[in-house]
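Written below as structure tokens is the structure these notes are about.
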Amino acid sequence: MSPQKVILVTGGSGLVGKAVQWVIENDTSEQFGKHADEEWVFLTSKDGDLRDAAATRAIFDKYKPTHVLHLAAMVGGLFKNMKYKLDFLRDNMLINDNVLHASFETNVQKVVSCLSTCVFPDNTSYPIDETMVHNGPPHESNFGYAHGKRMLDVYNHAYHEQYGRQYTSAIPTNVFGPYDNYSLEDAHVLPALTHKCYLAKKNNTPFVVSGTGKPLRQFIYSRDLARLFIWCLREYQEIDPIILSVGEEDEVSIKDVADAIVKALDFTGEYTFDTSKADGQYKKTASNAKLRKYLPDFKFTPFDVAVKESVEWFLDNYESLRK
Ligand code: NDP
């Protein structure tokens, strides 16, 4: 059967985009693997700068997508977010405006965009759910990124209400996996600790984890998230966002994360917590009840197994990975 659906994945070279590509190429199930009538196109910034409207339109004219999985974004850790608030706001607003408008002008049937749990109000009740996105200002440390991302949901509703378009979004919790950013200054906690522990083992120095290790977080393995995005693209019909996360009961502490990394790297040296360093928010628990309503039987990869696979990928690709 010749492909009738062309699925364009923006941000195809990133942590999440690479995982979607892996699932499409390796999962043999009907539910998540590639369908015969689908052609998948994975974009990188080399295909064109999505901050540029003409470059974005040229990509859409070239590939003529019927569906778009919009993952591309300016992404970064806390320090970068605090320093470049305007860039995070403008770049993400430009990327999102261009991708959604090119989708509109070229009659793309469906767009699934990616938000982040950073969009939620700083001052909130727990667990966080999808109805709370616009209930108050986000944390001031990353308000540029958070507002840029929130606007995706506003756009989705506006395109739907004015033109009936099926543009929606999903909200992942903390993602990790192969192709992560392992920069010691700017990475998210799990890849940063992986790199730190690796160096401690290599240099025979202590592995020091910043903070008390007590804060709680929900982590999702990029390949699990990829399967859920593929499901969203094919099945999810709402305009409102859906949180893609493990359950509240699967929240782990930063100490659990460090323990899993120590085990996966077989690190036997001194391992301590620097309690003079800030912990950040104690918890940001999100509910996956909406996801469970749709996919009650979805099986997440056990956290230890996912960390082990990610650490193996890190070791195999140390020379070439982002660090
Ligand atoms: P990465 O930083 O790994 O990848 C970002 C992707 O976006 C890359 O493919 C990059 O291309 C592309 N990109 C960035 N700027 C541009 C641009 N101006 N024009 C074209 N392409 C661009 O990010 P993740 O995979 O981690 O993130 C994917 C999505 O998931 C994002 O929307 C992010 O906000 C969201 N998210 C991520 C979380 C996480 O924990 N990582 C948590 C919650 C949400 P290139 O490689 O060529 O630079």
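Note that the structure is a prediction, hence the values are computed from the model and not measured. As the structure lists them, so they are numbered: ligands from 1, and atoms in each ligand from 1.
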Any N or O of T173 closer than 3.5 Å to N or O of ligand 1: no
K283 side chain vs R217 backbone, donor-acceptor pair below 3.5 Å: no
S276 and D274 side chains, donor-acceptor separation under 3.5 Å: yes
Closest to atom 10 (C) of ligand 1 among G148, P172, S13 (heavy-atom distance): S13
Nitrogen or oxygen atoms of V16 and ligand 1 under 3.5 Å apart: yes
Contact (N/O only, under 3.5 Å) between L50 and ligand 1: yes
Region of K18 engaging ligand 1 - heavy atom pairs below 4.0 Å: neither
Contact with ligand 1 for G48, non-hydrogen, under 4.0 angstrom: yes
Nearest-contact summary for atom 4 (O) of ligand 1 - protein heavy atom, Å: G14 CA, 3.3 Å
Side-chain (R150) to main-chain (V133) donor-acceptor, under 3.5 angstrom: yes
Check: T275 side chain, T212 main-chain N or O, donor-acceptor pair, under 3.5 Å: no
Protein contact of atom 47 (O) of ligand 1 - nearest heavy atom, named by residue and atom, plus distance: S45 OG, 2.5 Å
Heteroatom distance test (D49, ligand 1): nitrogen or oxygen, under 3.5 angstrom: yes
Distance-only N or O hit between ligand 1 and G17, under 3.5 Å: no
Residue, atom name and distance, where the atom is the protein heavy atom closest to atom 2 (O) of ligand 1: R322 NH1, 3.3 Å
Exam field: side chain K290 to backbone P241, donor-acceptor pair closer than 3.5 Å: yes
Protein contact to atom 16 (C) of ligand 1 [nearest heavy atom, distance to 0.1 Å]: I95 CD1, 4.1 Å
Geometric class of the Y163/F104 ring pair [parallel <30°, tilted 30-60°, perpendicular >60°]: tilted
Ligand 1 versus V75: contacting region, heavy-atom distance under 4.0 Å: side chain
Under 3.5 Å: N/O of S116 near N/O of ligand 1: no
Residues K263, D259; criterion salt bridge (Lys or Arg N to Asp or Glu O under 4.0 Å); working and verdict: CA-CA 6 Å; K263 193 165 156 227; D259 286 350; over 6 Å; no
H160 and Y155: side chain donor to acceptor below 3.5 Å: no
K149 near ligand 1 by a heavy-atom separation under 4.0 Å: yes
Any donor-acceptor N or O pair under 3.5 Å, side chains T205, N203: no
Y145 N/O to ligand 1 N/O under 3.5 Å: yes
Output field: ring centroids F314/Y198 closer than 6.0 Å: yes
Taking atom 13 (N) of ligand 1 as the reference point, the nearest protein heavy atom with its distance: A72 CB, 4.0 Å
Pair F298 and F300, ring centroids less than 6.0 Å apart: yes
Polar contact flag for V175 and ligand 1 (N/O pairs, less than 3.5 Å): yes
Any D180 heavy atom less than 4.0 Å to ligand 1: no
Test item, H188 contacting ligand 1 (heavy atom, 4.0 angstrom): yes
The one among G177, A73, S222 that brings a heavy atom closest to atom 15 (N) of ligand 1: A73
Reference residue H195; test ring pair (Phe, Tyr, Trp, His ring centres under 6.0 Å); the match among Y182, F207, Y318: Y318
Distance-only side-chain donor-acceptor flag, N107 / R165, under 3.5 Å: yes
Protein residue, atom and distance nearest to atom 6 (C) of ligand 1, heavy-atom basis: G11 CA, 3.6 Å
Under 3.5 Å: N/O of T117 near N/O of ligand 1: no
For atom 44 (C) of ligand 1, closest protein heavy-atom neighbour: L115 O, 3.2 Å
Ligand-side contact atoms (ligand 1) for residue partner R51, heavy atom cut-off under 4.0 Å: 18 (N)
F143 and Y145 aromatic centres sub-6.0 Å: no
Y179 six-ring face occupied by K18 cation (under 6.0 Å, within 45°): yes
Nitrogen or oxygen of L71 less than 3.5 angstrom from that of ligand 1: yes
Nearest atoms (heavy-atom pairs only) where N96 meets H70: OD1-NE2, 2.8 Å
Test item, H70 contacting ligand 1 (heavy atom, 4.0 angstrom): no
Which residue and heavy atom of the protein sit nearest atom 35 (C) of ligand 1, plus the separation: C114 SG, 3.4 Å
